[in-house]
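Note that ligands are numbered from 1 as they come in the structure, with each ligand's atoms numbered from 1 the same way.
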Amino acid sequence: MTSQSAVEPILTQKDGGVAVLTLNRPEALNALNHPLMDRLEAALKSFAKDDSVRCLILTGGPKVFAAGADIKEMENAAAKDMAADPHLSRWDMLGKFPKPVIAAVAGYALGGGCELALACDLIIASETAVFGQPEILIGVIPGAGGTVRLAERLGKARAMELILTGRRVNAKEALALGLVNRVVPPEGLLEEAMALAQNVASMPPLAARAAKASLLHALNAGQNDALAFERRLFYDLFDTQDQKEGMKAFVEKRKPRWTGK
Ligand code: CAA
């Protein structure tokens, strides 16, 4: 990690099969600077390898999710500096994380903060959440996947409007737009995210990974390719113990016991 701060910019904790990553730079509204994203990358790498972790929650805590990439870091950069910097690839790393990821969003999720939530698979929003891609208001465009992932969730017209105007949307509108999965009262945010994460973590992990891989692949592939990919993953699961156990348990009318094998 390259942080010069004594404070950890990402806090991690594990609860059963769920790992919680909390962005922790409150003095800058969790602006996503290099030390923070370095630490996020390291945590993602570690949790990807850790078989006891079956689902991630990414949150900024009860006040703010993240107010974007750090403008003060980028202010004086030239195009070649930005292009040579792997910073923005961390958003893609999150988007490609092999296990399901849930964003628990309270307060601002703007710019790169919104893009971080969009890179997650599911988004639970507090009633206080505010989403937006305000990059155009500071002379740029979303650079961490916003034009791609917002359009994926909202469709072209609605994404175009938000990106061209930088307009912010509150949690209620975000739900109506299909940007988030559900909206909950502020005090229930982490509890709701944890309940969903525990539910996902209780699923057979190889099937959960295959489901995510197939859905992500489908978003980038033609239909024939996507259907073939899905079928291959479906067939592959028939070589797992969890498939045998799941179907046997159904026939024997009992709960399955997953081994992750
Ligand atoms: N980068 C760096 N610092 C930021 C920041 C950001 N994105 N957002 C907030 N901060 C800092 C502020 O500079 C301020 O620090 P100081 O106290 O040292 O001045 C502190 O956080 C608190 O912020 P405000 O005083 O501005 O708080 P506010 O409540 O008045 O306003 C806000 C909150 C509306 C979120 C406002 O801070 C804001 O507009 N932030 C920038 C949002 C933005 O444009 N995000 C996009 C960034 S570019 C990007 O993300 C590119 C990409 O696609 C990857």
Give the numbers and elements of all ligand 1 atoms closer than 4.0 Å to a heavy atom of [X].
X: E115; value: 52 (C), 53 (O), 54 (C)
X: P142; value: 53 (O)
X: E27; value: 20 (C), 21 (O)
X: L88; value: 54 (C)
X: G111; value: 46 (C), 50 (O)
X: D70; value: 1 (N), 2 (C)

(message) Below 3.5 Å, N or O to N or O, backbone or side chain included: is there any such pair between L110 and ligand 1?
(response)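 Min N/O separation from ligand 1 is not below 3.5 Å for L110.
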(message) If I apply the N/O under 3.5 Å rule, does A67 come out as touching ligand 1?
(response)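 Right, the criterion is met.
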Below 4.0 angstrom, N of the basic side chain to O of the carboxylate: do [X] and [Y] qualify?
X: E115; Y: R149; result: no
X: R167; Y: E173; result: yes
X: D239; Y: K261; result: no
X: E245; Y: R254; result: yes

Does the protein place any heavy atom closer than 4.0 Å to [atom]?
atom: atom 39 (O) of ligand 1; value: no
atom: atom 17 (O) of ligand 1; value: no
atom: atom 26 (O) of ligand 1; value: no

Please state whether [X] comes within less than 4.0 angstrom of ligand 1, counting heavy atoms only.
X: V64; answer: no
X: E73; answer: no
X: R168; answer: yes
X: G143; answer: yes

(message) Taking side chain to side chain contact (heavy atoms under 4.5 Å, CB included) as the criterion, tell me which of L110, N170, V180 meets it with F131.
(response)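 Exactly one option meets the side chain to side chain contact (heavy atoms under 4.5 Å, CB included) with F131, and it is V180.
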(request) For the residue pair W91 and M37, establish whether any side-chain heavy-atom pair is separated by less than 4.5 Å. (result)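 Yes, at least one pair of side-chain atoms sits under 4.5 Å.
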(request) Please tell me if the side chains of L116 and L94 come closer than 4.5 Å, counting only heavy atoms from C-beta onward. (result)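 SC-SC contact between L116 and L94 confirmed.
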(request) Take K212 and K99 through the test side-chain contact (heavy atoms from CB on, under 4.5 Å) and record every step on the way to the result. (result) CA-CA 7 Å; K212 173 168 177 173; K99 307 170 194 185; over 6 Å; no
